[in-house]
Amino acid sequence: VTPFSDPLKALNFIKNNNVDLVISDIKMPHLTGMELLGEIKNFNSSIDVILITAFGDISIAVNAIKKGASHYIL
């Protein structure tokens, strides 16, 4: 497990290391969880991404799954 508080640093790590799973919040500074999901899936679609949030929204959940998220957790 390698934690990051900055999604841009996390994305750099993901692109330079063997990563199987990413767990990300939806609301973050610099890059949203949805944007991070898109970047990860464009780079390597086989990486599983679980998005979590305290601010549940059905439309965001549906969109996240359509864009390739493995799970969306409220």
Side-chain angles (χ1 to χ4, degrees):
V1 175
T2 306
F4 290 91
S5 59
D6 182 335
L8 297 175
K9 289 180 181 178
L11 185 58
N12 184 52
F13 180 86
I14 292 163
K15 289 182 176 181
N16 292 298
N17 293 277
N18 185 20
V19 175
D20 297 314
L21 173 67
V22 173
I23 301 172
S24 174
D25 197 351
I26 291 286
K27 293 189 178 192
M28 301 180 291
H30 311 296
L31 196 68
T32 68
M34 292 296 290
E35 292 168 333
L36 181 62
L37 169 65
E39 291 287 333
I40 291 168
K41 291 300 180 174
N42 284 337
F43 171 70
N44 182 344
S45 63
S46 69
I47 297 173
D48 288 322
V49 178
I50 298 173
L51 295 177
I52 60 173
T53 186
F55 307 98
D57 185 308
I58 296 298
S59 64
I60 294 174
V62 170
N63 193 27
I65 298 301
K66 284 182 179 179
K67 290 188 175 194
S70 302
H71 296 285
Y72 182 91
I73 300 171
L74 298 174

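Quick caveat: nothing in here was measured; it's all calculated off a predicted structure.
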Quiz item: To the nearest 0.5 Å, how far apart are CG in L11 and CG in L36?
Solution: 6.0 Å
Quiz item: Can you get from I40 to F13 by hopping between Ile, Leu, Val, Met, Phe, Trp and Tyr side chains that sit under 4.5 Å apart?
Solution: yes
Quiz item: Any chain of hydrophobic side-chain contacts (each under 4.5 Å) joining L31 to M34?
Solution: yes
Quiz item: If you take all heavy atoms of P7 and P29, which pair is closest and at what distance?
Solution: CG-O, 3.3 Å
Exercise. Group every Ile, Leu, Val, Met, Phe, Trp and Tyr by side-chain heavy-atom contacts under 4.5 Å, then state whether V19 and L37 land in the same group.
Key: yes
Quiz item: Between T53 and D25, what is the shortest heavy-atom contact and its length?
Solution: CA-OD1, 3.8 Å
Quiz prompt | Hphob cluster co-occupancy, L51 + L8, side-chain heavy atoms under 4.5 angstrom | solution = yes
Self-check item: Spatial distance of atom OG1 (T2) from atom NZ (K9) [nearest 0.5 Å]
Solution: 14.0 Å
Quiz item: Between I47 and I14, what is the shortest heavy-atom contact and its length?
Solution: CD1-CG2, 3.8 Å
Exercise. Kindly compute the distance separating CD1 (I26) from CD (E35), expressed to the nearest 0.5 Å.
Key: 10.5 Å
Quiz prompt | N63 side-chain N/O to S59 backbone N/O, donor-acceptor pair under 3.5 Å | solution = no
Quiz prompt | Heavy-atom closest pair, residues S24 and G33 | solution = OG-CA, 4.0 Å
Let me have the donor-acceptor pairs involving side chains of residues 64-74, under 3.5 Å, with sequence neighbours excluded, atom names and distances please.
from, atom 1, to, atom 2, distance (Å)
S70, OG, D48, OD1, 3.1
S70, OG, V49, N, 3.4

Exercise. Return the minimal non-hydrogen interatomic distance between P3 and V1, and the atom names on each side.
Key: CD-O, 3.8 Å
Quiz prompt | Transitive ILVMFWY side-chain link V22 to M28, under 4.5 Å | solution = yes
